[in-house]
Amino acid sequence: MNIALVHDWITSTAGAERVILDLSGIYPKAPIYTSVFEKEKTQGFEEKDVRTSFLQKYKIIRKKRELLVPLVYFAFENIDLSSYDLVISNTTGGSKALILKPEAIHICYCHTPPRYLWYPNLDPRSSKGSFRFLRNWSKSWLMEWDLASSKRPDYYIANSINVQKRIKDIYNIDSKIIYPPVDVEKFKPKTIENPDDYYLFVSRLVGYKRCDLVVDAFNELGLPLKIIGSGPEKKRLVKKANKNVEFLGFVSDDEMVRYYQKAKAFVFAAEEDFGIVPVEAMAAGRPVIAFGVGGVLETVSEGLSGTFFKSQTPESLIEAIKKFDASKFDSRKIIEYAEKFSKERFKKEFAQYVQEIIKSQETNCKQTTYSK
């Protein structure tokens, strides 16, 4: 069986890109098709067979997401995958628009229907950028295109209950839930040590991650906060932050693991589809203080691996931190809880489900043949 993997675009190595890398681990001979590929900005794809659409030759499209997004559906419709029997798309948008031969199986691992189309309140980037007028102008027909292309996959897998509900609400399509892979072994400490006094925030510094909320809260509290990550919001955040807030920028993997393991607690303020970084913190044995909406309700267990604040405001976070008592959390139990999101679990569940689909298709073909 010829298998192909498909991803919307590969311009960084964030959560969705880690998933396509793990899918490539399950199907190592499968090429990865994508709209554009920025090799120098990614990690893990050096030895992968990455094949791009016609958009790759336009540098401005590779660099400007606002220009790329309106074109990806057209780009994927024009990628020739006629030689493949099984195609697995890993998507938040356009790669489910693939047009395959009738007998091919298309399985869509969906991280969410496009937030910039259906949930713009969760992704304010949809109204920002040099070419935001283009995205605003194209939004209505992109919504139609997204709905039309949503019917093309034969099977949907949602990355959480939260996303499963969105798929049903927007596309009226049922889906199976398989939580995405987290490299829990990477963050697990060899020995349990007493944590330091600092709180930790790890994220790209973009608006919807709500780092501004966290900085405001810690400005008021005066407690030590370390922030790992960078992005367009960094200059503004650095300017408003007090001396107790430290911006570390990008750090090495080893440094990242150590910061996780030694933090008093991890702070998470965004409304996410799933949210991988809180699981990384739990894998390091550290409790999470999270905004209690979205995918985090499925990953963080109140009282066992963390606690929630109720509204997305500095005041609500301040209240949660004042009530937080690190001594009530057992690092070993947190680590054990995080194991349910491991890469090994993901690979086993995903491969097993794909095999079930293939067997079901083969059975249906035999029944159709016999009926004739």
Any chance [atom1] of [X] has more than 12 other-residue heavy atoms, nucleotides or ligands included, within less than 6.0 Å?
{"X": "K168", "atom1": "NZ", "value": "yes"}
{"X": "K101", "atom1": "NZ", "value": "yes"}
{"X": "Q43", "atom1": "CD", "value": "no"}

Inter-residue atom distance [X].[atom1] - [Y].[atom2], 0.5 Å rounding:
{"X": "L5", "Y": "I32", "atom1": "CG", "atom2": "CD1", "result": "6.0 Å"}
{"X": "L223", "Y": "K264", "atom1": "CG", "atom2": "NZ", "result": "7.0 Å"}
{"X": "E220", "Y": "I318", "atom1": "CD", "atom2": "CD1", "result": "5.0 Å"}
{"X": "T11", "Y": "F37", "atom1": "OG1", "atom2": "CZ", "result": "10.5 Å"}
{"X": "I157", "Y": "I357", "atom1": "CD1", "atom2": "CD1", "result": "6.0 Å"}
{"X": "Y259", "Y": "L200", "atom1": "OH", "atom2": "CG", "result": "9.5 Å"}

* To do: Check the angle between the aromatic planes of Y179 and F274 and answer parallel, tilted or perpendicular using the 30° and 60° thresholds.
  => tilted

* **Aromatic ring pairing F350/F346, orientation class (parallel under 30°, perpendicular over 60°, tilted between)** => tilted

[X] and [Y]: side chain donor to acceptor below 3.5 Å:
{"X": "T91", "Y": "S89", "value": "no"}
{"X": "S252", "Y": "D254", "value": "no"}
{"X": "Y198", "Y": "E246", "value": "no"}
{"X": "S331", "Y": "R286", "value": "yes"}

Tell me whether [Y] is reachable from [X] by hopping between hydrophobic residues (I, L, V, M, F, W, Y) whose side-chain heavy atoms are closer than 4.5 Å.
{"X": "I178", "Y": "V279", "result": "no"}
{"X": "F76", "Y": "W141", "result": "yes"}
{"X": "V238", "Y": "V215", "result": "yes"}

So which atom in [X] and which in [Y] form the shortest heavy-atom distance, rounded to 0.1 Å?
{"X": "S150", "Y": "Y156", "answer": "O-OH, 2.8 Å"}
{"X": "A217", "Y": "P314", "answer": "CB-O, 3.9 Å"}
{"X": "S203", "Y": "K209", "answer": "OG-CG, 3.1 Å"}
{"X": "L205", "Y": "G229", "answer": "CD1-O, 3.7 Å"}
{"X": "Y171", "Y": "L147", "answer": "CD2-CD2, 3.9 Å"}
{"X": "I173", "Y": "I167", "answer": "O-CG2, 3.4 Å"}

With a 4.0 Å cut-off, would you call [X] and [Y] a salt bridge?
{"X": "E233", "Y": "R236", "result": "yes"}
{"X": "E77", "Y": "R152", "result": "yes"}
{"X": "D216", "Y": "K240", "result": "yes"}
{"X": "R18", "Y": "E280", "result": "yes"}
{"X": "K310", "Y": "E319", "result": "no"}
{"X": "E40", "Y": "K63", "result": "yes"}
{"X": "K323", "Y": "D325", "result": "no"}
{"X": "D273", "Y": "R115", "result": "yes"}

* L117/W145 under side chain to side chain contact (heavy atoms under 4.5 Å, CB included): CA gap, chis, key distance, verdict -> CA-CA 11 Å; L117 294 179; W145 211 337; over 6 Å; no

* To do: Using the ring-ring contact (aromatic ring centres under 6.0 Å, His included) rule, pick out the option among F201, F187, Y199, Y260 that qualifies with F266.
  => Y260

* Is the NZ or CZ atom of R210 positioned over F291's six-membered ring, under 6.0 angstrom from the centre and within 45° of the axis? -> no

* Asked: When you measure from the centre of the six-membered ring of Y353, is the NZ or CZ of K176 under 6.0 Å away and within 45° of the axis?
  -> yes

Check: [Y] and [X] side chains under 4.5 Å, non-hydrogen atoms:
{"X": "T307", "Y": "P287", "value": "no"}
{"X": "R62", "Y": "W9", "value": "no"}
{"X": "L86", "Y": "V354", "value": "yes"}

Would you say [X]'s side chain and [Y]'s backbone share a donor-acceptor pair under 3.5 angstrom?
{"X": "N2", "Y": "S83", "result": "yes"}
{"X": "E17", "Y": "A14", "result": "yes"}
{"X": "N90", "Y": "A16", "result": "yes"}
{"X": "N242", "Y": "N244", "result": "no"}
{"X": "D8", "Y": "T92", "result": "yes"}

* **From CA spacing to verdict: salt bridge (charged side-chain N to carboxylate O under 4.0 Å, His left out), K333, E336** => CA-CA 5 Å; K333 290 182 178 179; E336 183 180 352; over 6 Å; no

* **Sole candidate of L71, V72, N78 that passes side chain to side chain contact (heavy atoms under 4.5 Å, CB included) when paired with F74** => N78

* Asked: Considering residues at least two apart in sequence or located in another chain, which fulfil the ring-ring contact (aromatic ring centres under 6.0 Å, His included) criterion with Y58?
  -> none

* Apply salt bridge (charged side-chain N to carboxylate O under 4.0 Å, His left out) to the pair K96 and D146, showing each step before the final yes or no. => CA-CA 9 Å; K96 63 179 176 291; D146 187 63; 2.6 Å; yes

